[in-house]
Amino acid sequence: EAKRRRAGWLAYDPRFDHGSAATLTLLGEMRRALQRQELRLFVQPKLHLLDGTLVGAEALVRWQHPERGLVPPLEFIPFAEETGFIHELSLWVIDEAARLLARWGPIGLLPRLSVNLSVHDLMKADLVTQLAARLQHHGASPQALCLEITESAIMNDPQRALQTLQALKALGCKLSIDDFGTGYSSYATLRNLPVDELKIDMSFVRAMEKVPKDAMIVRSIIEVAHNLNLSVVAEGVENEAIWQQLATLGCDEAQGWHIGRPMPVESFEAWARERAAA
Ligand code: C2E
Ligand code: CA
Ligand code: CA
Ligand code: CA
């Protein structure tokens, strides 16, 4: 039974009973992971498409599990959301991001770092207070932190989301709508949200050099973004042809394997120093 549970936990089934033994085991394991510092932030660079300057990076969490190796976020984030553990996880990510910004901002290594918030974070009343406290603790500037929120997380409860977004904005943080194009936001919702950036979902970007329809969608999203005075980022830029095409379409920023994979903090620091020296 124990073996079966072990084999099954990665493929977590959201229909699991909250009180079930398997759920409690995994939740305990996640709590210990935080205490034992098994969670890691990986960092992926984001470049300006016109001149190739390093404009920012995205922090992406991984679990360095003692037996299972490096576990990707999609194998434990859904579980963390299901159990409410996501609040602790998000605050850990924000704390780490603030620490990195305080280290990299003053030396000019990285102007901005983006972190992902989940739909549950938007509903948590004290998120903004907690976030502000962590920025202050590390001496990081709110302007240097960008929060990525998916279109679907916002549309889950647009009123509540708007309140949180306005508070984050008032603090000085930048806001980005992640996975844009996969949800149902209208011009009307977009107009009312205090966001700075649209991030085109990679499902439209990854094959846009081969699929004309995808390229058309990317072109339309860039147009919408610019009409609303928003900056636009393409994710999933995997080759030079896509980079060129995005530049031609007037996209502002790019992120993807063609530029750099998500890297451990030390590797990212070395990567950024090498670029700056070149
Ligand atoms: P996302 O926010 O859409 O992040 C982009 C994902 O695309 C990352 O996967 C990244 O490694 C991957 N990626 C980047 N460039 C390329 C590319 O050129 N090609 C391809 N095929 N993939 C690329 P990752 O790190 O596995 O993260 C998956 C998702 O997990 C994220 O999607 C995000 O929704 C979630 N996630 C990751 N870290 C966190 C976190 O700290 N908090 C929360 N709430 N969610 C997180
Ligand atoms: Ca993201
Ligand atoms: Ca995304
Ligand atoms: Ca995504």
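If you read the sequence from its start, that first residue is 1, and numbering goes on from there. Note that ligands are numbered from 1 as they come in the structure, with each ligand's atoms numbered from 1 the same way.
Note: no N/O pair closer than 3.5 Å links Leu60 and ligand 1 by distance alone. Between Glu148 and ligand 1, no N or O atom pair is found at a separation short of 3.5 Å. For the pair Ser90 and ligand 1, the shortest N or O to N or O distance does not fall below 3.5 Å. Residue Asn116 places at least one N or O, backbone or side chain, under 3.5 Å from an N or O of ligand 1.
Across all non-hydrogen atoms, the minimal contact from Asp196 to Lys174 is OD2-CA, 3.3 Å. Closest of all the heavy-atom pairs between Val237 and Trp243 is CG1-N, 4.0 Å. Between Cys173 and Leu147, the closest heavy-atom pair is CB-CD2, 3.7 Å. Considering every non-hydrogen atom in both Asp179 and Glu235, the closest pair reads OD1-OE2, 3.4 Å. Here the closest non-hydrogen pair linking Asp121 and Leu127 is O-CD2, 3.6 Å.
Close to ligand 1: Pro262, with a non-hydrogen atom less than 4.0 angstrom away. Residue contacts with ligand 1 leave out His258, since none of its heavy atoms falls under 4.0 Å from the ligand. Look at Lys199 and you'll find every heavy atom at least 4.0 Å from all atoms of ligand 1. In this structure, Arg206 has a heavy atom closer than 4.0 Å to ligand 1.
Within the coordination shell of the Ca ion (ligand 3), defined by N, O or S atoms under 3.0 Å, Glu148 is absent. Backbone or side-chain N, O or S atoms of Glu235 do not reach the Ca ion (ligand 2) at under 3.0 Å. With a cut-off of 3.0 Å, the Ca ion (ligand 2) has no N, O or S atom of Asp179 in range. Taking backbone and side chain together, Asn116 holds an N, O or S atom under 3.0 Å from the Ca ion (ligand 2).
At a 4.0 Å heavy-atom cut-off, ligand 1 does not touch Asp201 at all. Contacts between Leu41 and ligand 1, counted as non-hydrogen atom pairs separated by less than 4.0 Å, are absent for every part of the residue. Residue-level proximity to ligand 1 for Pro73 is carried by the side chain, the only part with a heavy atom below 4.0 angstrom.
Applying the side chain to side chain donor-acceptor pair (under 3.5 Å) test between Glu58 and each of Arg112, Gln44, Gln255 identifies Gln255 as the sole match. Just one residue in the list Ser231, Cys146, Ser114 forms a side chain to side chain contact (heavy atoms under 4.5 Å, CB included) with Ser176, and that residue is Cys146.
Sorting the N, O or S atoms of Asp178 by how far they are from the Ca ion (ligand 3) puts OD1 first. Shortest distance from the Ca ion (ligand 2) to Glu58 is reached at OE2 (N/O/S atoms only).
More than 12 heavy atoms of other residues, nucleotides or ligands shown are found within 6.0 angstrom of CZ on Arg275. Around CD of Gln136, the count of heavy atoms belonging to other residues, nucleotides or ligands within 6.0 Å does not exceed 12. Within a 6.0 Å sphere centred on CD of Glu240, other residues, nucleotides and ligands contribute more than 12 heavy atoms.
Which parts of ligand 1 touch Val93 is read off a 4.0 Å heavy-atom cut-off, strictly below it: atoms 41 (O). Numbered from 1 in the order shown, with element, the atoms of ligand 1 that lie under 4.0 Å from a heavy atom of Ile77 read 42 (N), 43 (C), 45 (N), 46 (C). Near Glu58, with a cut-off below 4.0 Å to any heavy atom, the atoms of ligand 1 are 2 (O), 4 (O). Interface atoms of ligand 1 facing Gly236, defined by a heavy-atom separation under 4.0 Å, are 17 (C), 18 (O). Ligand 1 places these atoms under 4.0 Å from at least one heavy atom of Gly256: 15 (N), 18 (O). Interface of Glu238 with ligand 1, defined as ligand atoms under 4.0 Å from a residue heavy atom, comprises 17 (C), 18 (O), 19 (N), 20 (C), 21 (N). Set against the non-hydrogen atoms of Asp179, the atoms of ligand 1 under 4.0 Å away are 3 (O). Atoms of ligand 1 lying under 4.0 Å from at least one heavy atom of Gln44, given by number and element, are 14 (C), 15 (N).
Hydrophobic clustering, defined by side-chain heavy atoms of Ile, Leu, Val, Met, Phe, Trp and Tyr closer than 4.5 Å, groups Leu70 together with Phe42.
Under 3.5 Å, the side chains of Gln35 and Arg31 contain no donor-acceptor pair of N or O atoms.
Under the 4.5 Å side-chain contact rule for hydrophobic residues, Trp104 and Ile259 share a cluster.
Within the set His120, Met202, Glu75, the minimum heavy-atom distance to atom 13 (N) of ligand 1 is found for Met202.
Checked for salt-bridge contact, Arg273 and Glu266 miss the test: no charged N lies under 4.0 Å from a carboxylate O. Taking a cutoff of 4.0 Å between a charged side-chain nitrogen and a carboxylate oxygen, Arg68 and Glu29 qualify as a salt bridge.
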